[in-house]
Amino acid sequence: MADDDRGSAASAGEETTALLAARRQKLERLRSEGIDPFPHDFDGVTPIADVKAGYDELEDGGETEDRFRVAGRLAARRGQGKAAFLDLVDRSGRIQLHARVDVLGQESLDRLVSLDLGDLLGVDGTVFRSRRGELSLRIDGWTLLAKSLRPPPEKHHGVQDVETRYRHREVDLLSSEETRNLFIARARIVSAVRAFLDGNGYVEVETPVLQPLYGGAAARPFTTHHNALGRDLYLRIATELYLKRLIVGGLERVYEIGKDFRNEGISHKHNPEFTMVEFYEAYADYQDMAQRTERLVAAAAAAAGYDGAVDLSPPWRRETLQGAILDRSGIDILAHPTRDELAAAMAAKGMRVPPDDTWAQLVDELVTKHVEPTLIEPTFLFDYPVELSPFAKRHREDDRLVERFEAYVNGMEIANAFTELNDPDDQRRRFEQQRADAEAGDEEAQPYDEAYLQALEQGMPPTGGVGLGIDRLVMLLTGRRSIREIVLFPAMRD
RNA sequence: GGGCCGUUAGCUCAAUUGGCAGAGCAGGGGACUCUUAAUCCCAAGGUUGAAGGUUCGAUUCCUUCACGGCCCA
């Protein structure tokens, strides 16, 4: 918190509207009357939902002597002269307050009614049900807990401006129960993922975000600088290589939930920082991990109260990548194993062929354009070309392929998994190929990671691993079409 | 990167063919002891995203820019 813009006026450069000035005036009036507009605490608060839970039997107009203390934000006010109704909102719900002059006295009622919408308020009172049937609190005491110096959004419509909702998420949250519930659902999904993995004997770990070498995904990194070490470091693009070093170390089942950072475009499904869970399991292969994945997603769906149109319950559909492309586009990628052959096959089908794309990029283009949009029901695509997958183990039956799957739902990739490559010599050859790709101009090629190779030389058991995008999972389970809706503070331009 | 759309009072939205920029909510003053999108009366609130241009006159038409949304690459 900056110390230098304190004071009674709005910060320098800020427009001063009559609305802001009126709130500041009230603040000063409270202070001059000896009332602390920002007290330190308010003990003994009951969540509003808990207060309301116990009174289903209370008849309309019924009174009780049950006292509660609640606290929250003043959301609405309906004055009546010698009485007033106010609505108070906390994280659990909303409750109506009834303030009467014969209970509070004139001065206390006047002060209460002159509070601003958005002020934070603590009250004590007794439960009753209004004649119209709303469970309410008749208040006999109240305390201002924090003065709000900015007006809240329109009380019926909330914040509609998308940009404001993203840039000032706190305003979105305080005015929208739907937004609050959305991010609570997100938290429950993350908890469910964690509980699922913990329940299957996994150990949660934390590996470096700042890495001397990045790896584990085809992406460009953010670069930063460590002053004391005098060297550049990268923000991780994946947790993969460190997690597999922990498998070498004998932890056998590990996972990490955390942010990855990829220095690429922003879209409705890409934020430059995003949350990923990666989990690795010794003595498992990619088929085992496919089962883990579909069960994990089903557990998360249950935790989020998912009720979308797409059925997520296991088992999911299973196809091969080659078959899926052949089926949708009529092109057999394995029958056209060079760049020029595949480009010719695509051109023969009337497809536009980007002239600089490699064979692997053309395959990716076929998947993205022709296959991905058709994968609405949850589907695993198995068995990828080795060129696309530098960390996946070669297929046990076809050495042009690796044992890899990607999981798709709603036309969107949500997970990527391998039987992990644990042959250090094969891994070294893959790094050499990546180095050649980088020299040929591939900006997403993997840097040569000698420390990782040494770990593999130590001996890594057969292992299956999965990376699953938490943001995309949340989008799926909450029915949102944009990652910006389900990230609290999405990346925005200045 | 390209196309389309949007940006008006604190918030949610109007504004006819280019002709005085209006409502609701919130805020201010007043009335009201069961209201709940409370109601009623009064007054106030604007550099129409920014900069240029056309015009007697621009929220409106044109150009550029900024930010956002949707679609495409």
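Every value quoted in this text rests on a predicted model; they were computed, and no experiment measured them. Just the heavy atoms: all of them, side chains too, but no hydrogens, waters or symmetry mates, feed the values below. Here is how names work: the chains are called A, B, and so on, in the same order as the sequence lines, proteins then strands, and each is numbered from 1.
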Separation of [X] atom [atom1] from [N] atom [atom2], in whole Å?
X        : N     : atom1 : atom2 : value
A:Leu20  : B:A9  : CG    : P     : 14 Å
A:His168 : B:C11 : NE2   : P     : 10 Å
A:Gln25  : B:G29 : CD    : C1'   : 14 Å
A:Arg24  : B:G28 : CZ    : C1'   : 18 Å
A:Gln80  : B:G30 : CD    : P     : 18 Å
A:Glu59  : B:C34 : CD    : P     : 19 Å
A:Arg131 : B:U33 : CZ    : P     : 13 Å
A:Lys26  : B:G28 : NZ    : C1'   : 9 Å

Would you mind classifying the nucleic acid contact of [X] as base, sugar-phosphate or nothing, using non-hydrogen atoms under 4.0 angstrom?
X        : result
A:Arg77  : sugar-phosphate
A:Gly158 : sugar-phosphate
A:Leu19  : base
A:Gln106 : nothing

hbond_proxy A:Gln160 side chain to B:U12 base (donor-acceptor, 3.5 Å cutoff) | no

Is there a donor N/O on one and an acceptor N/O on the other, under 3.5 Å, for the side chain of A:Glu134 and the base of B:U35?
-> no

In 5'-to-3' order, the base (B), backbone-only (S) or no-contact (-) status of each nucleotide in nucleotides 64-73 of chain B, using a 4.0 angstrom heavy-atom cut-off, is ---SSS-S-S

By nearest nucleotide on RNA chain B, pick out whichever of A:Ser130 and A:Pro153 is the more 5' one.
-> A:Pro153

Rounded distance in Å between the [atom1] positions of [N] and [M]:
N     : M     : atom1 : value
B:U60 : B:A21 : P     : 13 Å
B:G1  : B:A58 : C1'   : 33 Å
B:A26 : B:U16 : C1'   : 30 Å
B:G28 : B:C13 : P     : 24 Å
B:G24 : B:A38 : C1'   : 15 Å
B:A66 : B:A23 : C1'   : 30 Å
B:A51 : B:U7  : C1'   : 16 Å
B:G19 : B:C65 : P     : 28 Å

Side-chain donor-acceptor pairs under 3.5 Å in residues 70-77 of chain A, sequence neighbours left out?
residue: A:Arg73; atom: NH1; partner: A:Gly118; partner atom: O; Å: 2.8
residue: A:Arg77; atom: NH1; partner: A:Val113; partner atom: O; Å: 3.2
residue: A:Arg77; atom: NH1; partner: A:Leu115; partner atom: O; Å: 2.4

Tell me which nucleotide, if any, is Watson-Crick or G-U wobble paired with [N] when both distances must be under 3.5 Å.
N     : value
B:U39 : B:A31
B:A58 : none
B:G24 : B:C11
B:G6  : B:C67
B:U16 : none

So which nucleotide from [options] ends up closest to the side chain of [X]?
X        : options             : answer
A:Val101 : B:G27, B:U33, B:C34 : B:U33
A:Lys82  : B:G27, B:C34, B:U33 : B:U33
A:Glu63  : B:U33, B:G27, B:C34 : B:C34
A:Glu154 : B:U33, B:G24, B:U35 : B:G24
A:Arg78  : B:U35, B:U33, B:A26 : B:U35
A:Pro151 : B:U36, B:C34, B:G10 : B:G10

Where the side chain of A:Thr64 meets the backbone of A:Val127, is there a donor-acceptor pair that is under 3.5 Å apart?
-> yes

So, is the end of the [X] side chain (NZ or CZ) under 6.0 Å from the ring centre of [Y] and within 45° of the ring's axis?
X        : Y        : answer
A:Arg318 : A:Phe380 : no
A:Arg430 : A:Phe391 : no
A:Arg169 : A:Phe489 : no
A:Arg404 : A:Tyr384 : yes

For ring pair (Phe, Tyr, Trp, His ring centres under 6.0 Å), just list the numbers for A:Phe261 and A:Tyr214, CA-CA rounded to whole Å, side-chain angles, deciding distance to a tenth of an Å, and then say yes or no.
-> CA-CA 10 Å; A:Phe261 306 85; A:Tyr214 59 95; over 10 Å; no

Under-4.0 Å salt bridge between A:Arg186 and A:Asp471 = yes

Pairwise side-chain contact, A:Pro221 with A:Asn263, heavy-atom cut-off 4.5 Å (strictly under) = no

Short side-chain donor-acceptor distance under 3.5 Å, A:Trp142 and A:Ser108 = yes

Check whether any side-chain nitrogen or oxygen of A:Lys155 sits under 4.0 Å from OP1 or OP2 of B:A26, and answer yes or no.
-> yes

Look at the side-chain N and O atoms of A:Arg132 and state whether any lies under 4.0 Å from the OP1 or OP2 oxygen of B:U35.
-> yes

